[in-house]
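These numbers come from a predicted model, not from an experiment.
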2 protein chains.
Amino acid sequence: MALKKAKSAGAKPRRRRDPDGTRTAILQAAGTLLAKDGPQGLSVSQVAQLAGVNRGTAYQHFQTREQLVEATTGWVSEQLCQAAFGKTTGGKSSRKPSPEEQARLVDPRSGVIEHIVEFAMENPELARAWLFHVLASPQPAHDPFWKMYRQRFEEYVKTDSAQPGIDVEVHTVLMLVGTFLWPVWARAHARTAKERQQLALRFTEEIARLSLYGTMRPEKYPKLVARLSKRTQPKPVAAKSGRAK
Amino acid sequence: MALKKAKSAGAKPRRRRDPDGTRTAILQAAGTLLAKDGPQGLSVSQVAQLAGVNRGTAYQHFQTREQLVEATTGWVSEQLCQAAFGKTTGGKSSRKPSPEEQARLVDPRSGVIEHIVEFAMENPELARAWLFHVLASPQPAHDPFWKMYRQRFEEYVKTDSAQPGIDVEVHTVLMLVGTFLWPVWARAHARTAKERQQLALRFTEEIARLSLYGTMRPEKYPKLVARLSKRTQPKPVAAKSGRAK
DNA sequence: GCGGCATCAGACACCGATGTTGATCAGCCG
DNA sequence: CGGCTGATCAACATCGGTGTCTGATGCCGC
């Protein structure tokens with residue numbers, strides 16, 4: 001078709017006029033570079049180049065490098081929220097979920113972790129970028145995705161399907177960061193989609209096993225059992241509320 | 001002692017001639033800056049300034065910025081190895097450990113995790129630096145500290161104190177990264193040494209609880225139990241399924 | 001068809017970081 | 001004590017990134 005795209009010479013086919021599109025293109029490029037170099041290593045020049053956008057245009061969408069980084073981390077978190085929970089963070093209210101839907105969202109076996117792992121396995125850049133962000137942030141728990149996950153798990157802990165005495169914060173740290181680092185580790189071993197899926201399955205299976213049975217055989221650690229049961233016995237929920245306000 | 005240190009005017013009291021000392025001073029400064037900005041954010045200028053050393057001197061010890069970063073990550077890993085396992089990585093052989101010593105080193109309840117958490121809680125810069133390094137590295141599992149931990153845990157898994165069917169890699173990812181990120185999270189909440197110790201205790205207790213009992217009540221997930229027990233071994237699962245009541 | 005605006009190209013001053021080089025001075029050894 | 005080695009330092013040239021500005025160009029809605 002005879003249209004734009006000056007063929008031979010390095011002529012640049014000027015980008016079609018689409019502010020939102022370019023913005024997200026920039027964010028996406030910034031995301032992948034963020035994953036590679038971390039927040040401190042991000043340069044507007046590289047981002048613009050990768051996004052196929054003039055540097056000046058980038059500066060038109062984000063006044064300063066710092067703002068670009070900020071916007072990018074927020075965007076990454078948003079992507080993760082949508083992929084994991086299927087809704088945006090900026091609560092457009094959205095009708096209250098039905099009870100069974102509630103249970104599905106809350107129960108750790110319902111697929112939230114599976115979703116996250118699979119998504120992270122297919123988008124390791126986002127996972128890595130999120131980890132960088134969380135690691136660099138002075139307040140990791142302020143991240144929207146973090147808060148979302150934590151809240152969901154907190155609700156699960158209240159149900160009678162959960163073991164008593166769970167420490168929500170510790171669990172959140174373990175699961176979130178483990179779930180996102182696993183693809184980083186696995187990346188070195190899996191090339192094909194099949195291998196990746198297998199590794200994702202391996203992770204979720206081990207999480208399931210650990211969640212059900214733990215790592216140690218209780219009968220081998222009577223003293224530890226006694227101490228822990230003393231901690232959680234009297235009134236499980238009260239014990240937790242003491243520290244996880 | 002009354003010596004050196006020209007007092008008033010900005011006169012620089014030329015550093016005493018001490019190659020090894022300056023080298024480790026540089027490494028230490030690089031470590032704390034690495035924790036703050038990540039590998040890509042590290043600048044030789046800042047390192048030299050923080051270490052109280054001329055930039056040129058730094059370049060004499062490490063030919064290039066990249067080499068400095070590399071040496072620093074190695075140094076951090078070394079520090080962690082010594083803190084956690086009490087010996088250096090560059091195996092000077094060192095006599096074989098006695099059987100009970102072996103058990104102490106291998107058993108997850110013996111204090112390895114406690115050691116690491118406490119150390120990480122008191123040296124969050126090192127923890128953060130290590131996480132940055134692991135996150136940025138294409139082969140996280142090549143880190144000496146990582147390998148050391150993994151090997152120890154692998155030996156534990158072979159003992160009959162361990163649950164059957166443990167996935168060593170998944171466990172290593174979870175524990176290592178969780179243990180080091182916990183201080184980063186906790187840092188935002190704890191100021192005094194007492195608070196820090198309390199948070200460290202809270203983490204190890206939850207790890208212990210999780211290792212013993214897991215997160216979910218098996219009786220609520222019969223299908224999952226069936227699938228997992230089929231995966232591992234037919235026999236031992238029944239024993240622990242009764243523990244939770 | 002026209003005006004507004006998104007996009008691009010290029011240039012500028014400024015800054016900080018990188019490596020390099022030659023001078024300088026501390027500590028050791030004869 | 002005097003010289004030598006090399007650890008430490010100050011200064012230089014260079015490069016790349018930032019943030020800003022100007023003018024040109026084309027796309028889209030009115």
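Nearest nucleotide to the side chain of R17(A), out of dT18(C), dC27(D), dG17(D): dC27(D). Distances from the side chain of Y59(B) to the nucleotides dT18(C), dG26(D), dG27(C) place dT18(C) closest. Closest to the side chain of H61(A), from the set dC5(C), dG27(C), dT7(C), is dT7(C).
DNA chain D is contacted by both P19(B) and R55(B); P19(B) maps to the nucleotide lying nearer its 5′ end (nearest heavy atom per residue). Heavy-atom nearest nucleotides on DNA chain C were determined for L42(B) and for G52(A), and the one closer to the 5' end corresponds to G52(A).
dA7(D) atom P lies 12 Å from atom CD1 of I26(B), rounded to whole Å. The separation between L68(B) atom CG and dT18(C) atom C1' is 13 Å, rounded to whole Å. Q40(A) places its CD atom 12 Å from the P atom of dA17(C), with the value rounded to the nearest Å. Between Q67(A) atom CD and dT18(D) atom C1' there is a gap of 14 Å when expressed in whole angstrom units. The distance from atom CG of D18(B) to atom C1' of dG6(D) is 13 Å, rounded to the nearest whole Å. Between L50(A) atom CG and dG17(D) atom C1' there is a gap of 17 Å when expressed in whole angstrom units. dT18(C) atom P lies 13 Å from atom CD of Q49(B), rounded to whole Å. When rounded to the nearest whole Å, the span between CZ of F62(B) and C1' of dA17(C) equals 18 Å.
Contact between the side-chain N/O atoms of R16(B) and the OP1/OP2 oxygens of dG27(C) is found at a separation under 4.0 Å. Between S45(A) and dT18(D), a side-chain N or O to OP1/OP2 separation shorter than 4.0 Å is present. For N54(A) and dT7(C), the shortest distance from a side-chain N or O to OP1 or OP2 is not below 4.0 Å. Using a 4.0 Å cut-off, some side-chain N or O of Q46(B) falls inside it from OP1 or OP2 of dA17(C). For S43(B), no side-chain nitrogen or oxygen approaches OP1 or OP2 of dG16(C) to under 4.0 Å. An OP1 or OP2 oxygen of dC8(C) is reached within less than 4.0 angstrom by a side-chain nitrogen or oxygen of T57(A).
Under the 30°/60° scheme for interplanar angles, the aromatic rings of F153(A) and Y149(A) are found to lie parallel. Aromatic ring pairs are classed by plane angle as parallel below 30°, tilted from 30° to 60° and perpendicular above 60°; the pair W182(A) and W185(A) is parallel.
Checked by atom type and distance alone, the side chain of T72(A) pairs as donor or acceptor with a backbone atom of L68(A) at under 3.5 Å.
For the atom pair CE (M175(B)) and OG1 (T215(A)), the distance works out to 6.0 Å, reported to the nearest 0.5 Å.
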Side chain to side chain contact (heavy atoms under 4.5 Å, CB included) between W130(A) and L34(A), worked out | CA-CA 9 Å; W130(A) 187 83; L34(A) 195 62; over 6 Å; no
